[in-house]
Protein chains: 2
Amino acid sequence: MATDRTDRTAPGRLSASRLRVVVPSVAERVADELRLQLAEGALVPGARLTESTIAEDLGVSRNTVREAFAELASERLVVRHPNRGVFVASLGAEDIHDVYTVRRAIEVSALRAGGSPEDVAAVRAAVEEGKRAAAAGDDEAGGTANQHFHGAIVAMAKSQRLNTIMAQVLAEMRLFFHKATADALFYQRYLPDNEAICEALEAGQLDRAADLLLAYLDRSEDNLTEVHGDDGGADAG
Amino acid sequence: MATDRTDRTAPGRLSASRLRVVVPSVAERVADELRLQLAEGALVPGARLTESTIAEDLGVSRNTVREAFAELASERLVVRHPNRGVFVASLGAEDIHDVYTVRRAIEVSALRAGGSPEDVAAVRAAVEEGKRAAAAGDDEAGGTANQHFHGAIVAMAKSQRLNTIMAQVLAEMRLFFHKATADALFYQRYLPDNEAICEALEAGQLDRAADLLLAYLDRSEDNLTEVHGDDGGADAG
DNA sequence: ATCGAAGGATTGTTGAACAATCGCTGGTTT
DNA sequence: AAACCAGCGATTGTTCAACAATCCTTCGAT
């Protein structure tokens with residue numbers, strides 16, 4: 001019988017069996033490129049993505065761009081308005097709450113279950129990474145470290161699907177954070193929280209760590225909702 | 001606010017100004033059709049889906065089928081093997097554990113947060129639906145009722161993203177359950193659990209309801225892993 | 001000024017075409 | 001006989017060109 005290797009496409013990094021150079025399809029590379037521009041803020045929320053423009057710009061066919069759009073739409077990074085085009089997703093207040101509902105479910109669950117010493121060490125490493133970024137005054141690195149921290153928490157669950165979901169949620173948030181990061185100290189305020197959560201985790205106090213994380217998420221959501229106040233996301237779902 | 005300017009002339013034309021009649025695109029309809037065949041078990045795990053065959057079969061273009069494939073792949077219902085084709089996903093033991101990890105995170109979180117009386121009523125309705133199905137000896141309806149039950153629990157969180165994730169997870173499980181449903185009594189064993197969870201929820205004992213749900217999920221996972229053990233899975237080659 | 005009708009642009013979908021790749025068949029070698 | 005290698009057929013990946021459908025805008029009529 002042909003036992004299929006778990007050869008997922010989305011993470012797609014496990015080319016263990018064959019020496020075959022894993023060359024992503026053109027559509028995936030287009031999606032990667034757009035995802036990058038989205039993360040860098042080169043494409044602002046609400047911006048329109050014209051098929052022909054991107055196709056010509058990247059030297060690919062319209063159909064390929066279309067496939068890339070489908071991928072990004074499934075990740076909620078763009079939204080399709082039928083017969084009108086695709087637009088960079090712009091999150092409204094209810095979307096923020098929604099995203100944090102997902103984060104509360106996933107992160108708290110992973111934290112409550114705990115993890116191996118290596119997993120905990122990864123969380124600790126992310127905390128220290130954040131400290132170094134703060135000391136260097138690099139808020140971009142601070143944001144990355146913060147995402148590493150929460151990613152490491154979810155990674156404790158050792159679930160591919162949970163990791164994928166978390167990665168998508170973090171990508172959605174990154175899309176939104178470009179407004180918030182105007183405040184260079186935005187992430188620094190969360191450093192003590194991360195430190196406290198990590199300490200509780202290291203001490204094996206899982207329930208306490210979970211409570212701290214919940215409080216952190218609630219506060220973070222409030223902060224983000226507040227920042228969001230000035231601009232209304234005019235996006236009808 | 002609603003500028004109604006229709007219904008006087010243009011006999012054959014549908015007014016789609018505000019009352020947007022959502023007509024799914026062809027690609028979506030193809031995806032729906034395939035999703036249906038997947039749910040019905042017409043397409044067994046490991047089966048190959050040839051683009052040209054499906055295109056010809058449904059009377060659409062290959063490109064459209066391709067878009068539908070992308071959608072299904074993002075839902076993990078099919079897997080793409082580069083240059084080889086797409087195959088109906090076949091879940092292994094680790095996938096079952098993975099799926100249940102997601103369910104534990106999402107369902108327990110939603111249950112712990114509780115819901116409005118209407119939400120609880122929806123959960124109760126799903127329990128009663130299951131009872132009726134059991135009384136009628138309809139295991140297909142029993143499975144549907146069971147999914148309604150868990151869907152209603154997640155719906156309490158009022159999160160679009162969580163609902164989407166849960167729907168996809170349930171679709172993945174349905175893909176797998178066609179082996180398990182050979183046992184007509186498969187769902188009946190869960191009826192007392194659902195009843196107990198619902199009662200705790202109605203009584204406002206959220207922590208107790210969450211504990212019951214956790215125990216249920218663990219037991220369900222064990223049962224499913226056991227069923228999976230005897231069969232190595234449909235081979236694709 | 002408001003309303004309705006052409007115009008232009010973009011998306012949705014199709015069909016055909018071609019290169020790249022995979023699995024298989026069949027012959028060759030040891 | 002078993003293993004290896006080349007060639008063949010089939011399918012996927014990608015592009016291109018075309019057309020219908022739909023939307024937004026502009027212009028003209030009332």
When the distance from [atom1] of [X] to [atom2] of [N] is rounded to whole Å, what number comes out?
X       : N      : atom1 : atom2 : value
B:Glu56 : C:dG15 : CD    : P     : 11 Å
A:Glu51 : D:dT22 : CD    : C1'   : 14 Å
B:Arg48 : C:dG23 : CZ    : C1'   : 9 Å
A:Phe87 : C:dT10 : CZ    : C1'   : 11 Å
A:His81 : C:dA9  : NE2   : C1'   : 18 Å
A:Leu49 : C:dT11 : CG    : P     : 10 Å

Most 5' of A:Asn83 and A:Ser25 on DNA chain D, judged by nearest nucleotide: A:Ser25

Partners meeting salt bridge (Lys or Arg N to Asp or Glu O under 4.0 Å) with [X] (sequence neighbours left out):
X        : result
A:Arg48  : none
B:Arg132 : none
A:Arg174 : none

Residue-phosphate contact under 4.0 Å: B:Arg80 side-chain N/O, D:dG13 OP1/OP2: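 B:Arg80 to D:dG13 OP1/OP2: side-chain N or O found under 4.0 Å.
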
Short side-chain N/O contact from A:Arg84 to OP1 or OP2 of D:dC24, under 4.0 Å: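 Indeed, a polar side-chain atom of A:Arg84 lies that close.
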
Sequence neighbours excluded, every pair satisfying salt bridge (charged side-chain N to carboxylate O under 4.0 Å, His left out) that has a member inside residues 142-171 of chain B: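 Every pair satisfying salt bridge (charged side-chain N to carboxylate O under 4.0 Å, His left out) with a residue in residues 142-171 of chain B: A:Asp95-B:Arg161, A:Asp98-B:Arg161, A:Glu172-B:Arg161, B:Asp119-B:Lys158.
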
Nearest to side-chain heavy atoms of A:Val26, which nucleotide of D:dT11, D:dT15, C:dG12: D:dT15

Those residues of residues 57-66 of chain A lying under 4.0 Å from DNA chain C by at least one heavy atom: A:Arg62, A:Asn63, A:Arg66

side-chain contact (heavy atoms from CB on, under 4.5 Å) partner of B:Val88, chosen from B:Leu72, B:Val44, B:Leu77, B:Leu175: B:Leu175

All pairs passing side-chain hydrogen bond (donor to acceptor under 3.5 Å, both in side chains) where residues 23-33 of chain B contributes a residue, at least two apart: B:Asp32-B:Arg35, B:Glu33-B:Gln37

